[in-house]
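Worksheet: the structure to be examined is printed underneath.
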Amino acid sequence: MDRKRQERAPFIEALEAYCRLGMTPFHTPGHKGGRSSSAYQRGLFGDALRRDLGLMYALDDLFQPEGPLKEAMELAADLYGAGRTFFSVNGTTACIEAMILAVCRRGDYIIIPREAHRSVMGGLILSGAIPVYMESRFAEKEQISLGPDLESLQAAIAACPQAKAVLFTYPTYDGVAGNLEEMARYAHEQGMFVLVDEAHGAHLPFCGDLPKDALSCGADCTAQSTHKLTGSLTQTSMLHCRRAFPLTDKVAAAMALVQSTSPHYWFLASLDSARRQLALHGTELIGQAVSLARKVRSELNGIDGLYSFGTEITAYDAVGAFDETKVTIDFSGLGMDGRQAEKLLRQEGVEAELTAGNHVLALITMGDDEESARTLCRACRRVAEGQAGRTAGTSHRMAELPLPVPRVVVPPQEAWNAETEAVPFAESLGRVAAETVTFYPPGIPAVGLGEEITADVMIYIKEKLARGYSPNGPADGTLGTIRVIKEG
Ligand SMILES: Cc1ncc(COP(=O)(O)O)c(C=O)c1O
């Protein structure tokens, strides 16, 4: 990394220089620097409205960059060790769609984890690619998916040696990092591209105690939500291609396809600014977050009835490393599930990132400090003390059911275009699903778009419903009916 160059923020400098010119605007956006904005917007955004500029030649074009944006993206590539980096104003969602569109044509196979983010299905629908699923390992004690391991990758490749690419989620939402380096090496040896959904990993290169970043593990392309953990505005992400990646131009074209032609300059400026901050202070900021998370975890594990797993998760074969800034707090020792805990935490003024099964996930980022860490621990302690004695000793933990083996019978793009209908779930055996049904835990779909509703799928779903779990995904949240593809 060229530290001297990283001190610059070329896009911000260009934006500010343009604003200083005080031009009279005869272009979009129509509020003209805020003059016609509502009082609410003026109060909220103030002077920033003058920086709300549409696509204009004076400030470079995201999709044909030649000036300050090109330079800003080059600096991001330099920071992350990429051959080329693209800014996204449509999150990692667009980056994932773009990388799939770049490597897959209609009818190509792509190997993916079963619990891949919905944007992966979006990429399949857009490209016409067909999924081949890798089986994920599940941690019974922690009740989280660990993602696939080398064995599950090898099984998927043996079943579909003609696949074009493999896509990994690395690390998972819960901070679990699989053995990406060995899996990427194996996939490359089989002639496949390696794509990574690194939405939760933009901070990885800045602390040696965190899992190794995806590019360093051999990824061809990796998509990172800069906004999630590294300080840019919500909706902004980066897509990195490794040096000499042969499809970089196709990625560039695909990024233009899946994003607005009017990217917001605030968003682009926030990416430039976050990149500079990371380059200059990333090691310190991310290092602090890791230390703080360790303290929080240690304090939480000292509270009766709570459990937050740490690096011991790496004892599972499928896990190569763990991101300690992800603090999963299991409340089952208090006889509570995640939803109940989330509600009580909210009453204590604490909002968690997500809840699943018996746990809630709290993120410790570079935005935290001793005080916010104390607030989280205090809230958890109050919840635990309030609960103690009521249902002490009760545990909600139940062994996970074996997941049905997916049977993809209609490619996602075809399923997306098909006529669909809602039928009673009880009568859906043998039909092809037009929607995805997932329960948390394990957060892995029971059935997905274009897949047959087999007897195993029905048994699994019925059992999950009987245990009181609510499905995620179907239009009918009670699953009285399920959307299927019309026959005939
Ligand atoms: C694993 C994973 N991949 C991709 C995404 C999409 O990222 P974005 O919200 O930046 O579009 C998310 C969002 O939560 C995610 O959790």
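Both counts, for ligands and for their atoms, begin at 1 and track the order of listing. Here the structure is a predicted model, which means the values were calculated and not measured.
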*Within 6.0 angstrom of Glu151 CD, more than 12 heavy atoms from elsewhere*: no
_Lys228 heavy atom under 4.0 Å from ligand 1_ = yes
*Would you say Thr92 and ligand 1 have an N/O pair spaced under 3.5 Å apart?*
yes
_Could you tell me, atom by atom, which parts of ligand 1 come under 4.0 Å of a heavy atom of Tyr173?_
16 (O)
*For His227, is at least one N or O under 3.5 Å away from an N or O on ligand 1?*
yes
*Side chain or backbone of Asp197 under 4.0 Å from ligand 1, or both, or neither, by non-hydrogen atoms?*
side chain
*Considering only non-hydrogen protein atoms, determine which one is nearest to atom 16 (O) of ligand 1 and report residue, atom name and distance to 0.1 Å.*
His200 NE2, 2.7 Å
*asked:* So if I count the atoms of ligand 1 from 1 in the order they appear, which ones are less than 4.0 Å from some heavy atom of Gly91?
replied: 10 (O), 11 (O)
_Exercise: identify the closest heavy-atom pair between Arg114 and Val447_ = NH2-CA, 3.7 Å
*Assert yes or no for the condition that the ring centre distance of Phe11 to Phe87 is strictly below 6.0 Å.*
no
*Looking only at distances, please establish whether an N/O atom of ligand 1 is found under 3.5 Å from an N/O atom of Ser119.*
no
*Would the number of heavy atoms belonging to other residues, nucleotides or ligands and lying under 6.0 Å from CG of Asn301 be above 12?*
yes
*Who's the nearest protein heavy-atom neighbour of atom 6 (C) of ligand 1, and how far?*
His117 CE1, 3.3 Å
_Atom indices of ligand 1, in the order listed, that fall short of 4.0 Å to a heavy atom of Ser237_ = 10 (O)
*Any idea which atoms of ligand 1 are less than 4.0 Å away from a heavy-atom of Ser225?*
7 (O), 8 (P), 10 (O)
_Checking a contact table here: which protein heavy atom is nearest atom 11 (O) of ligand 1, and how many Å away?_
Thr93 OG1, 2.6 Å
_Spacing of CD1 belonging to Ile96 relative to CG belonging to Leu195, to within rounding of 0.5 Å_ = 9.5 Å
*With backbone taken as N, CA, C and O and side chain as the heavy atoms from C-beta onward, which portion of Gln235 lies under 4.0 Å from ligand 1: side chain, backbone, both, or neither?*
neither
*Would a distance-only check, ignoring hydrogens and angles, find a side-chain to backbone donor-acceptor pair under 3.5 Å from Gln259 to Ala256?*
no
